[in-house]
*Asks:* 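Here you go, one structure.
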Amino acid sequence: MSFDRSVKIAPSILSADFANFGREIEAVEAEGADWIHVDVMDGHFVPNLTFGPPLVKAIRKHVKTVMDVHLMIAPVDPYIDAFADAGADILTAHLEAGPHTHRTLQAIRGAGCKAGLALNPGTPVEAAAPLLDLCDLVCVMTVNPGFGGQSFIETQVDQVRRLRAMIGDRPIHIEIDGGVDPKTAPLVAKAGADVLVAGSAVFRGGSVANPAPYGDNIRAIRSAI
Ligand code: DX5
Ligand code: ZN
């Protein structure tokens, strides 16, 4: 993965058809997705339960772009190797998931994945400062994690601006996750974000049988920026 700060759209499969992940991934990539965002939830760190390493392994062969795995789990460390072995390209852990995030990020890179740090809306981005040199990506949550289809938290836009200033010219992606659509995308792109996760705004109105809306939805976000 070479680094560039051009804007990427990363559809979240949390909003996809759970009975057809492989076909949904192929469809949304064919319709212009740059990355595939995989929301792992453990029912403990967040009040929802999705899937784990077996699913990541099963969908790996369908992902031709980048598999961006968002770990909404606590603890993280015991599962890093399983997700890395399953084929994740990026593993993003929440700063709030445990007391030893520095070690977690080292372990993610040690397992051969790019390391991401996710911050909940209540966490000041300045908390990431001591960890930036261990990060390939920082994910600013613009909803409280756990569900798709929630409303964008506008106060996070200033957090993105501050984070962009902290990063400077280091090769670290700023990812936005939650409530991204053609209305909110320009706000965060202008503030310095370069990876936009979108679940409901991409998958709405389409299906594996009728994927054209996926392309329309992705283009609508891109052209809004
Ligand atoms: C929420 C997840 C997000 C979510 C985005 O906990 O991390 O990735 O799926 O869904 P939308 O784009 O519908 O807010
Ligand atoms: Zn996510």
Side-chain angles (χ1 to χ4, degrees), residues 1-14 34-42 45-46 50-53 55-57 59-60 63 65-121 123-142 145 156 159-160 162-178 188 192-197:
M1 265 175 69
S2 65
F3 182 86
D4 76 82
R5 211 175 276 290
S6 61
V7 173
K8 294 152 201 67
I9 308 289
S12 161
I13 63 169
L14 185 68
D34 296 301
W35 292 6
I36 296 294
H37 186 79
V38 180
D39 282 313
V40 176
M41 299 182 184
D42 65 358
F45 180 69
V46 290
T50 56
F51 30 68
L55 179 102
V56 169
K57 188 173 166 65
I59 64 174
R60 176 67 261 183
V63 179
T65 58
V66 172
M67 183 147 60
D68 168 38
V69 177
H70 180 190
L71 298 174
M72 287 162 277
I73 67 174
V76 174
D77 293 17
Y79 301 96
I80 292 172
D81 287 344
F83 281 106
D85 295 348
D89 294 302
I90 302 169
L91 278 182
T92 296
H94 270 261
L95 181 138
E96 307 86 357
H100 303 297
T101 317
H102 188 281
R103 189 192 357 242
T104 295
L105 294 167
Q106 287 178 316
I108 290 173
R109 281 186 165 172
C113 295
K114 295 282 186 193
L117 175 69
L119 304 171
N120 285 332
T123 303
V125 291
E126 287 72 17
L131 301 165
L132 287 180
D133 288 337
L134 285 170
C135 294
D136 300 294
L137 174 145
V138 177
C139 173
V140 177
M141 294 303 297
T142 38
Q156 289 297 90
Q159 290 252 66
V160 178
R162 298 200 320 266
L163 177 64
R164 184 69 194 88
M166 285 165 59
I167 285 174
D169 59 3
R170 281 177 280 195
I172 302 173
H173 293 293
I174 297 180
E175 182 173 73
I176 303 300
D177 194 10
V188 290
D194 63 291
V195 183
L196 307 182
V197 173

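Since this is a predicted model, take the numbers as computed values, not measurements.
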*Asks:* Which residues pass the side chain to side chain donor-acceptor pair (under 3.5 Å) test with Arg60, sequence neighbours left out?
*Replies:* Asp89
*Asks:* Measuring from Asp85:CG to Cys113:SG, what's the distance to the nearest 0.5 Å?
*Replies:* 8.5 Å
*Asks:* Using atom types as modelled and distance alone, determine if a side-chain donor or acceptor of Asp34 lies under 3.5 Å from a backbone N or O of Ala10.
*Replies:* no
*Asks:* Could you tell me which non-hydrogen atom of Thr65 sits nearest to which non-hydrogen atom of Trp35, and how far apart they are?
*Replies:* OG1-CA, 3.7 Å
*Asks:* Please report the interatomic distance CG(Leu196) to OG1(Thr142), rounded to the nearest 0.5 Å.
*Replies:* 9.0 Å
*Asks:* Listed by chain and number, what are the salt bridge (Lys or Arg N to Asp or Glu O under 4.0 Å) partners of Asp42, not counting sequence neighbours?
*Replies:* none
*Asks:* List in chain and number order the residues that pass side chain to side chain donor-acceptor pair (under 3.5 Å) with Gln156, two or more places apart in sequence or in another chain; answer none if no residue qualifies.
*Replies:* Gln159
*Asks:* Does the side chain of Thr50 reach to within under 4.5 Å of the side chain of Leu55, using non-hydrogen atoms?
*Replies:* no
*Asks:* Which residues satisfy the side chain to side chain donor-acceptor pair (under 3.5 Å) test with Glu126, sequence neighbours excluded?
*Replies:* Arg162
*Asks:* Quick one: pull up NZ in Lys114 and CG in Leu91 and give me the separation to the nearest 0.5 Å.
*Replies:* 12.5 Å
*Asks:* OG1/Thr92 to CZ/Phe83 distance, rounded to the nearest 0.5 angstrom?
*Replies:* 12.0 Å
*Asks:* Please give me the minimum heavy-atom distance between Val7 and Ala193, naming the atom from each residue.
*Replies:* CG2-O, 4.4 Å
*Asks:* Could you tell me which non-hydrogen atom of Gly168 sits nearest to which non-hydrogen atom of Arg164, and how far apart they are?
*Replies:* O-NH1, 2.8 Å
*Asks:* Would you name the heavy atoms of Ser12 and Val197 that are closest together and state the gap between them?
*Replies:* CB-CG1, 3.9 Å
*Asks:* Would you be so kind as to tabulate the donor-acceptor pairs closer than 3.5 Å made by side chains of residues 127-135, with sequence neighbours excluded?
*Replies:*
unit_1	atom_1	unit_2	atom_2	d
Asp133	OD1	Arg170	NH1	3.0

*Asks:* In chain order, what residues pass the side chain to side chain contact (heavy atoms under 4.5 Å, CB included) check against Asp194, with sequence neighbours excluded?
*Replies:* Arg5, Lys8, His173, Ile174
*Asks:* Pair Ile13, Phe51 - check side chain to side chain contact (heavy atoms under 4.5 Å, CB included), show working.
*Replies:* CA-CA 11 Å; Ile13 63 169; Phe51 30 68; 3.9 Å; yes
*Asks:* For Ala115 versus Ile108, what's the shortest heavy-atom pair and its separation?
*Replies:* CA-CG2, 3.7 Å
*Asks:* Going by atom type alone, with no hydrogens or angles, which donor-acceptor pairs under 3.5 Å involve a side-chain atom of residues 67-81 and a protein atom two or more places apart or on another chain?
*Replies:*
unit_1	atom_1	unit_2	atom_2	d
Asp68	OD2	His37	ND1	2.7
His70	ND1	His37	NE2	3.4
His70	ND1	Asp39	OD1	3.1
His70	ND1	Asp177	OD2	3.0
His70	NE2	His94	NE2	2.9
Asp77	OD1	Thr104	OG1	2.6

*Asks:* Considering only residues two or more places apart or on different chains, which pairs with a residue in residues 99-113 satisfy salt bridge (Lys or Arg N to Asp or Glu O under 4.0 Å)?
*Replies:* Arg109-Asp136
*Asks:* Check salt bridge (Lys or Arg N to Asp or Glu O under 4.0 Å) between Asp169 and all other residues, then give those that pass, not counting sequence neighbours.
*Replies:* none
*Asks:* Let me confirm one number: the CD1-SG distance from Ile176 to Cys139, rounded to the nearest 0.5 Å.
*Replies:* 7.5 Å
